[in-house]
Amino acid sequence: MATYPAKFFVFSLGLLGSALALRAGLTFEQIELTVKPPAGERKLTAQFKFKNTGDTPVTIVRVDSGCGCTLPSHPREPIAPGAEGAVPVAYNGGDRQGRQQQTITVETADGVTQELRLVVELPTRISFEPRLLLFRGQATAPLPASVTFSDALPVELLDVVVLTPAFELAEPPALVENVLKLSIRYVGEPAVESRGALRIRTKDAAGKTNADLLYLRHTP
Amino acid sequence: MTRDGKAKSWLRRAALAVPTVLFAYAGAGKLTDPAAFAESISNYQLVPPLAAALLAVYLPWLELVLAFGLWPGRTHRAAKALSLLLLVGFTLALVVTAARGIDVRCGCFGGGAGQGPTAAWAALRNIVLIVFLRFGRNV
Amino acid sequence: MKAPRIRFYDSACVVALCLLAAPLIPAGFTAWLHPSRPNWAELNAREKSVSQDRIDAGEARSHYRDALWLDARSRADYEAAHVPGALLLNEDEWEALLPLVMERWDGVQPMLVYCGGESCHASEAVARRLKRELGEIKVLVLNGGWPAWRALEATP
């Protein structure tokens with residue numbers, strides 16, 4: 001076997017090593033953080049800890065995220081070799097539900113960029129099956145809908161009000177554990193197009209009141 | 001070998017070294033964060049997310065294998081052909097994506113979206129690499 | 001004189017196949033063990049809902065002018081500039097914005113969601129949520145988002 005392959009193997013390993021080593025500077029303890037906020041909390045701050053494992057000071061010049069819901073900030077002063085620090089990220093989930101993932105880009109003065117990922121496990125406060133009820137023509141039969149609330153944050157039902165006279169509740173709403181069962185009927189003109197909504201007001205264990213809408217439509 | 005021949009041989013090997021180094025560096029860079037590279041590939045909107053992730057773990061290693069394979073006598077021809085194919089493929093992807101109006105940062109050296117040169121520069125660089133590859137020899 | 005035997009592994013094709021196969025092993029390890037590997041479980045789930053129902057800006061402008069256009073970006077971005085006629089619908093203020101969308105939507109027109117560009121996933125998230133809450137309605141996502149639209153509008 002020629003010596004080329006052997007020489008080259010060593011060379012490419014060296015290349016690989018130096019390519020990876022070139023990126024050393026700020027080494028992050030974790031580039032992906034998963035946070036599960038307590039039920040009802042939509043805002044949180046995560047800290048991405050890092051250490052300067054290089055031998056020159058490193059300055060962070062820019063931190064960006066792809067979403068207005070994720071606001072990273074960064075220390076202004078250069079980080080000395082061996083020093084530690086953190087990139088704090090303020091997250092506001094808004095009305096989001098379920099598992100959320102956001103990417104934060106950290107750029108240092110030497111042009112190296114590092115991507116960080118923040119995974120936030122938000123509860124599903126409310127889910128509808130379905131959220132839109134479609135009535136057609138002459139149909140007078142009521143349509144069912146069910147609304148499921150997060151079992152991590154139990155709610156008390158305050159009221160269910162149909163906001164449009166063309167529709168009405170066929171039965172009293174029933175909240176069993178965390179599932180609300182509804183039955184709605186169209187009582188307007190069969191030949192008319194109608195749009196309406198139904199409002200569900202609940203109060204959770206933390207005392208917060210929520211008003212959620214379920215949409216109703218009738219087409220001739 | 002004549003002095004002229006020796007110089008030419010040296011030149012050809014140097015030419016081959018250029019794509020070698022670039023492939024090795026690109027491959028290594030992508031390996032630091034496969035998830036981010038998968039994101040980059042998804043942004044091209046050419047393959048579904050699962051395929052993008054599979055490519056994201058496979059392509060960097062292919063680049064490294066090819067960079068290595070360009071030199072031993074037995075593998076030189078095949079590695080060269082595959083490297084050319086890969087570069088042509090990358091360039092096509094860039095062109096198609098630009099034509100669809102999707103502004104993609106190439107993700108050529110690893111990292112997620114927003115990293116790396118614009119599509120035009122990346123395509124140009126690929127063409128230059130193709131030329132070096134055609135000209136380069138391992139002897 | 002006997003011609004030299006051509007060995008099986010001398011064929012360039014076989015070598016090429018070997019070169020293509022060799023990365024599979026380290027790739028497998030990367031997929032399984034790398035601390036930054038893609039999330040395979042989540043991708044499997046996403047495969048079903050995503051990908052279909054995406055269109056390019058050109059097609060959107062020519063065939064979907066009458067769709068209900070929805071802007072999935074932040075309120076600040078929307079107020080700075082948006083596609084004429086598009087409504088803001090993002091997950092920051094979903095509960096407050098959805099009623100306005102429902103008022104405008106005629107019940108049959110397809111919806112078209114766009115956001116900040118190639119690496120913005122808000123439009124997909126909004127599209128998925130609309131389908132989940134409103135049932136099997138047609139919701140499309142604009143490839144390239146707002147920048148693709150702007151680029152198209154800039155050309156005659």
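These values consider heavy atoms only, across backbone and side chains, with no hydrogens, waters or symmetry-generated copies. Chain letters run A, B, ... following the sequence lines, proteins first and then strands; every chain starts at 1.
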Problem - Expected output: side-chain C:His34 to main-chain B:Ala35 donor-acceptor under 3.5 Å - result: no
Exercise for the section: Counting only heavy atoms closer than 4.5 Å, note whether C:Leu17 contacts chain B via side chain, backbone, both or neither. Expected result: neither
Exercise for the section: Evaluate whether atom CZ of C:Arg150 has more than 12 neighbouring non-hydrogen atoms of other residues, nucleotides or ligands under 6.0 angstrom away. Expected result: no
Problem - Side-chain heavy-atom pair B:Phe68, C:Leu19 within 4.5 angstrom cut-off - result: no
Completion exercise
Applying a strict 4.5 Å limit to non-hydrogen atoms, the region of B:Ala56 in contact with chain C is neither
Exercise for the section: Report yes if some heavy atom in the side chain of B:Val57 is under 4.5 Å from a heavy atom in the side chain of C:Pro38; otherwise report no. Expected result: yes
Problem - Interface moiety of B:Leu54 toward chain C, non-hydrogen atoms closer than 4.5 Å - result: both
Fill in the blank from the handout: Okay, C:Leu20 and chain B: the region with an atom under 4.5 Å from a heavy atom over there is both
Problem - Non-hydrogen side-chain atoms of B:Thr32 and C:Ser36 separated by less than 4.5 Å - result: no
Problem - chain C contact residues among residues 78-86 of chain B, heavy-atom distance under 4.5 Å - result: B:Ala78, B:Ala79, B:Leu82
Handout entry: Atom CZ of B:Phe135 with >12 non-hydrogen neighbours under 6.0 angstrom
Key = yes
Handout entry: Contact leader toward chain B among C:Cys18, C:Ala22, C:Pro23, C:Ala16, where contacts are heavy-atom pairs under 4.5 Å
Key = C:Pro23
Practice task
Determine whether more than 12 heavy atoms belonging to other residues, nucleotides or ligands lie under 6.0 Å from atom CG of C:Asp106.
Solution key: yes
Exercise for the section: Could you tell me the separation between the NE2 atom of C:His121 and the OG atom of B:Ser42, rounded to the nearest 0.5 Å? Expected result: 6.5 Å
Exercise for the section: Under 4.5 Å, counting heavy-atom pairs only, tell me which of C:Ala148, C:Pro26, C:Ala31 racks up the most with chain B. Expected result: C:Pro26
Handout entry: Crowding at CD1, C:Ile25 (>12 non-hydrogen neighbours, <6.0 Å)
Key = no
Practice task
Side-chain contact test, heavy atoms from C-beta onward, threshold under 4.5 Å: evaluate it for B:Leu50 versus C:Trp40 and give yes or no.
Solution key: yes
Practice task
Can you establish whether the number of heavy atoms outside C:Tyr78 located under 6.0 Å from its atom OH is more than 12?
Solution key: yes
